[in-house]
Amino acid sequence: MRMDPAAEIRDSKRTKEYINMLSSVADSEYGIPTRSPKVKFKVNNHTYRMAYYLTDGIYPNWATFIQSIPLPQGRKAEKFAEKQESARKDVERAFGVLQSRFAIVKNPALQWDKAKIGKIMKTCVILHNMIVENERHGYAQINTSEFESGESSRSSRVRSRDSIHVGDMLGIRREVRDLEKHARLKADLVENIWQKFGDEDE
């Protein structure tokens with residue numbers, strides 16, 4: 001069944017946006033970021049200087065992780081949970097698109113150099129966006145099984161990280177794991193989502 005052209009373009013743009021979100025997630029260890037990208041943003045008149053990741057309940061309550069509310073009580077909490085889970089699923093969907101298209105994204109990369117992983121992800125995002133643009137008017141599902149591989153015998157040399165001052169590292173660690181910042185950011189985000197989308201269902 002063919003999607004209507006307007007819906008197809010919207011879906012294509014949405015997918016492109018989701019893929020672009022992934023390009024910012026590169027420096028992590030076992031799926032847990034070792035540092036947060038430097039950003040500056042304001043929510044409810046509070047200024048924050050670290051990016052945050054939308055996560056599920058298995059991640060700790062750190063300033064860089066915002067989980068959904070498992071059993072939301074009240075309309076504000078329900079709206080936040082709905083929007084947060086929707087956005088998180090979008091990112092997971094985008095990552096799934098990349099995994100289905102590029103075997104290099106699907107296979108384990110724990111022993112690879114982190115800078116290379118970042119470049120590979122960005123390259124895959126760019127290639128995906130180019131393919132989507134090229135196939136916009138006749139998007140065809142392709143069989144990606146020929147690109148998928150099982151165990152790989154390849155190995156990559158792992159480069160050691162530049163040394164960082166221990167005091168700086170401990171300060172960053174403390175800031176990332178700050179429970180008060182986590183609680184304040186989450187409360188600010190709940191309020192912000194309510195202000196933007198609270199009357200959506202009425």
Could you walk me through whether His182 and Tyr52 pass the side-chain contact (heavy atoms from CB on, under 4.5 Å) check?
CA-CA 10 Å; His182 167 82; Tyr52 62 90; over 6 Å; no
Who pairs with Lys76 by side-chain hydrogen bond (donor to acceptor under 3.5 Å, both in side chains), at least two apart in sequence or on another chain?
Glu191
Show the nearest heavy-atom pair for residues Leu54 and Ala87, with the distance to one decimal.
CD1-CB, 3.5 Å
Can you name the side-chain contact (heavy atoms from CB on, under 4.5 Å) partners of Ala77, sequence neighbours left out?
Ile69, Pro72
Mark yes or no for whether Lys186, through its side chain, and Gln67, through its backbone, hold a donor-acceptor pair below 3.5 Å.
yes
Verify side-chain contact (heavy atoms from CB on, under 4.5 Å) between Val132 and His128, making sure each step is shown before the conclusion.
CA-CA 6 Å; Val132 168; His128 172 80; 3.3 Å; yes
Under a single-linkage definition using a 4.5 Å side-chain heavy-atom cutoff for Ile, Leu, Val, Met, Phe, Trp and Tyr, are Val39 and Leu189 assigned to the same hydrophobic cluster?
yes
Rounded to the nearest 0.5 angstrom, the CZ-CD1 distance for Arg101 and Ile131 is 4.5 Å
Hphob cluster co-occupancy, Ile58 + Leu179, side-chain heavy atoms under 4.5 angstrom
no
Is Ser86 reaching over with its side chain to a backbone N or O of Glu82, donor-acceptor style, under 3.5 angstrom?
no
On a heavy-atom basis, the closest approach of Asn44 and Asn192 is ND2-N, 4.0 Å
State plainly whether one hydrophobic cluster holds both Phe41 and Ile193, where clusters connect Ile, Leu, Val, Met, Phe, Trp and Tyr through side-chain heavy atoms under 4.5 angstrom apart.
yes
Scanning both residues in full, the closest heavy-atom pair of Ser68 with Glu85 reads OG-OE2, 2.6 Å
Within the side chain of Asn107, is there an N or O that forms a donor-acceptor pair under 3.5 Å with the backbone of Ala103?
yes
Quick one: pull up NZ in Lys79 and CZ in Phe197 and give me the separation to the nearest 0.5 Å.
8.5 Å
What distance do Lys122 atom NZ and Ile117 atom CD1 have between them, rounded to the nearest 0.5 Å?
13.0 Å
Evaluate Thr123 against Phe102 for side-chain contact (heavy atoms from CB on, under 4.5 Å), listing each step before the verdict.
CA-CA 11 Å; Thr123 301; Phe102 303 105; over 6 Å; no
Separation of Arg49 CZ from Lys42 NZ (nearest 0.5 Å)
10.0 Å
For the residue pair Phe80 and Ile66, what are the closest heavy atoms and their distance?
CZ-CG2, 3.7 Å
With side-chain contact (heavy atoms from CB on, under 4.5 Å) as the criterion, how do Arg174 and Asp178 come out once you've worked through the C-alpha distance, each side chain's angles and the decisive distance to 0.1 Å?
CA-CA 6 Å; Arg174 233 183 342 269; Asp178 190 330; over 6 Å; no
Considering residues at least two apart in sequence or located in another chain, which fulfil the side-chain contact (heavy atoms from CB on, under 4.5 Å) criterion with Arg173?
Arg177
Distance (rounded to the nearest 0.5 Å) between Ile104 CD1 and Trp112 CH2
3.5 Å
Shortest non-hydrogen contact from Met50 to Ala63?
CE-CB, 3.8 Å
Indicate the atoms forming the closest heavy-atom contact of Met121 with Leu98, along with that distance.
CE-CD1, 3.9 Å
Using 30° and 60° as the class limits, which term best fits the ring planes of His46 and Tyr48: parallel, tilted or perpendicular?
perpendicular
Spacing of CG belonging to Asn61 relative to NZ belonging to Lys181, to within rounding of 0.5 Å
15.5 Å
